[in-house]
Amino acid sequence: MHKVDVLLGLQWGDEGKGKIVDVLAPEYDVIARFQGGPNAGHSLEFNGIKHILHTIPSGIFHKNKINLIGNGVVIDPAVFKKEIDSLQSLGVNAADNLFISQKAHLILPSHRLLDAASEAIKGNTKIGSTLKGIGPAYTDKAGRTGLRVGDITLPGFIEKYSSLKETHRETLRHYGYEDEPEKYEAEWFIGIEKLKEFRLVESEYFINNLLKEKKRILAEGAQGTLLDIDFGSYPYVTSSSTVCAGACTGLGIAPSKTGEVIGIFKAYCTRVGSGPFPTELTDETGDRLREQGREFGSTTGRPRRCGWLDLPALKYSVMINGVTQLMITKADVLTGLEKINICTGYRYDGKVTESLPYDITARVEPVYSEFSGWGKDISAIRSCSDLPPEFNEYISYIENETGVPVTLISLGPDRTAAVFPGKK
Ligand code: GDP
Ligand code: IMO
Ligand code: MG
């Protein structure tokens, strides 16, 4: 049967999903984002241009590819317009091949204020949200009070908007938060007009029809499995289903119609925002990874916390998503390190375990296996046979442990920086 392939992050986001989607896009006809919103920042680099996408699928730079924003996504019209304008300045007219689900929810200016107010009140226990209004928008979705893209063309939209805004104002007052949504409204409504220029579709029919026509479809996830609302390090998570199942609910494709599950992971780990991170390095090795890997948030510019690869967490993500192919990014950043660690288990309650403890916030101490590093610069390598033996050993170990083949090795931010093990 013809199926939809799903690509998603296996760690805490920023694994390099945008880059990999851009690399794989020529093999597909359709790229469909299934969840998240402007909290995402997906970087693409080619011909010396670096571009960051937030809401728009990462296939947008490829001509003649259909890009779909699914019902599982939350859209901030103001951010959306900025993205469209910035694509326009690069000569890309997104309206040509971008379709948007009528069932995608809208992020209101007051959602952003609620996000900020809720974080402010949490003090030390704040999530470290991107402050894009994600949590409050999904809260309204689940609470059955949200506004959807399809509403913008219906009579009564302004009234619905105003009524929801007033509810939010009450909550903001309760928080003692001063800012007023009206300050951001003009820009937001300009964004709404921009949205109206696009094809707003019944996306579940749209995508299933494309599937019937045997179009090759890639579902693009945002964030990562360890930020998933159910399986992430709750409450330090995002508010959507970032896992493979999220592609079904976020696009309207049946589980029986999902094909390859492509899991993206970094050769080390990073995390932005708060929450547990067992392998975090707060020493000079952590600083080195941050500098060499340019680990600063694509959306907020915040420095990313860095640490060693966490195999129990990776295996957990492989299990939850049913990953069939692994793709590794940023191995080039490890070049020059004499020794490379991989966490193989956690010491927890005096015992070593390979499973993620429920209360991961409690002190878990990583147990490491040490691997020899490689001195050779691998960033310009374009053929697997040129990879150093130490590097191959490192990859084989991960493949053996996870039981999943590595089918793409990314060696730099550029579109061309990748090798494909096993590909003839
Ligand atoms: P995403 O959110 O998963 O799309 O990832 P981000 O774009 O937020 O962060 C990944 C960062 O690493 C971006 O700056 C990419 O340009 C960069 N990147 C992606 N793959 C590689 C790689 O293999 N090597 C290096 N050095 N950088 C990479
Ligand atoms: P991409 O798609 C990395 C993190 C935030 C915060 C937590 C909740 O680029 O991989 P939210 O704004 O969703 O309420 O924030 O999740 N976060 C991300 N971290 N990459 C992302 O997206 C993220 N989106 C959200 O830093 O810790
Ligand atoms: Mg990112």
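Sequential numbering from 1 along the given sequence is applied to the chain's residues. One-based numbering, in listed order, for ligands and for the atoms of each.
Atoms of ligand 1 found under 4.0 Å from any heavy atom of G18, numbered from 1 in the order shown, are 4 (O). Residue contact check: K50 has heavy atoms under 4.0 Å from atoms 13 (C), 14 (O), 16 (O) of ligand 1. Within ligand 1, counting atoms from 1 as listed, the ones closer than 4.0 Å to a heavy atom of V333 are 26 (N).
Checked against a 3.5 angstrom limit, the closest N/O atoms of A222 and ligand 2 fall outside it. Residue T130 places at least one N or O, backbone or side chain, under 3.5 Å from an N or O of ligand 2. Among the atoms of D14, some N or O lies under 3.5 angstrom from an N or O of ligand 2. Of the polar atoms of L131, none of the N or O atoms is found under 3.5 Å from an N or O of ligand 2, judged by distance alone. In terms of polar-atom proximity, defined here as any N/O pair under 3.5 Å, K17 does make such a contact with ligand 2. Not a single N or O atom of D115, backbone or side chain, sits closer than 3.5 Å to an N or O atom of ligand 2. Residue H42 has at least one nitrogen or oxygen atom sitting less than 3.5 Å from a nitrogen or oxygen atom of ligand 2, judged on distance alone.
The shell of residues lying under 4.0 angstrom from ligand 2, judged by heavy atoms, includes G41. Heavy atoms of G412 come nearer than 4.0 angstrom to ligand 1 in at least one pair. Using a non-hydrogen distance threshold of 4.0 Å, E295 does not register as a contact of ligand 1. Residue contacts with ligand 1 include G41, since one of its heavy atoms falls under 4.0 Å from the ligand. Contact between R304 and ligand 1 is present, with at least one heavy atom of the residue lying under 4.0 Å from the ligand.
Here L411 has backbone heavy atoms under 4.0 Å from ligand 1, and that is the only part of it that gets that close. At a heavy-atom distance under 4.0 Å, no atom of Y236 approaches ligand 2. Neither the backbone nor the side chain of R271 has a heavy atom within less than 4.0 Å of ligand 2. Contacts of V237 with ligand 2, taken as heavy-atom pairs under 4.0 Å, involve the backbone alone. Under 4.0 Å from ligand 1, not a single heavy atom of R294 appears. At a heavy-atom distance under 4.0 Å, only side-chain atoms of D332, from C-beta outward, approach ligand 1. The part of K19 lying near ligand 1 is the side chain, judged by heavy-atom distances below 4.0 Å.
Scanning all protein heavy atoms for the shortest distance to atom 15 (C) of ligand 1 gives S43 CB, 3.9 Å. Closest to atom 23 (C) of ligand 2 among all protein heavy atoms lies Q223 CG, 3.6 Å. Closest to atom 15 (O) of ligand 2, if we only count protein heavy atoms, is S129 CA, 3.4 Å. Ranking the protein heavy atoms by distance from atom 5 (C) of ligand 2 puts G128 O, 3.5 Å first. Atom 27 (O) of ligand 2 has as its closest protein heavy atom V272 O, 3.0 Å. The protein atom (non-hydrogen) at minimum distance from atom 26 (O) of ligand 2 is R302 NH2, 2.9 Å. When hydrogens are left out, the protein atom nearest atom 13 (O) of ligand 2 is T238 OG1, 2.6 Å; that is the closest non-hydrogen contact. Protein heavy atom at the shortest distance from atom 16 (O) of ligand 2 is L227 CD2, 3.7 Å.
Ion pairing between a basic and an acidic side chain is recognised when a charged N comes within 4.0 Å of a carboxylate O; K194 and E83 show no such pairing. Ion pairing of E390 with K376 is absent here, as no side-chain N (NZ or NE/NH1/NH2) approaches a carboxylate O to less than 4.0 Å. With respect to the salt-bridge test (charged N to carboxylate O, under 4.0 angstrom), the residues E180 and R169 qualify. Taking the charged nitrogens against the carboxylate oxygens, K315 and E401 do have a contact shorter than 4.0 Å, which makes a salt bridge. By the 4.0 Å N-to-carboxylate-O rule, R290 lies close enough to D287 to be salt-bridged with it. Between K132 and D76, none of the side-chain N atoms (NZ, or NE/NH1/NH2) sits under 4.0 Å from a carboxylate O, so this pair counts as no salt bridge.
Not one N/O/S atom of G297, from backbone or side chain, sits under 2.8 Å from the Mg ion (ligand 3).
Nearest N, O or S atom of D14 to the Mg ion (ligand 3): atom OD1.
Among R271, R305, K266, the single residue meeting the salt bridge (Lys or Arg N to Asp or Glu O under 4.0 Å) criterion with E295 is K266.
Using a 4.5 Å heavy-atom threshold, the side chains of L108 and L164 count as touching.
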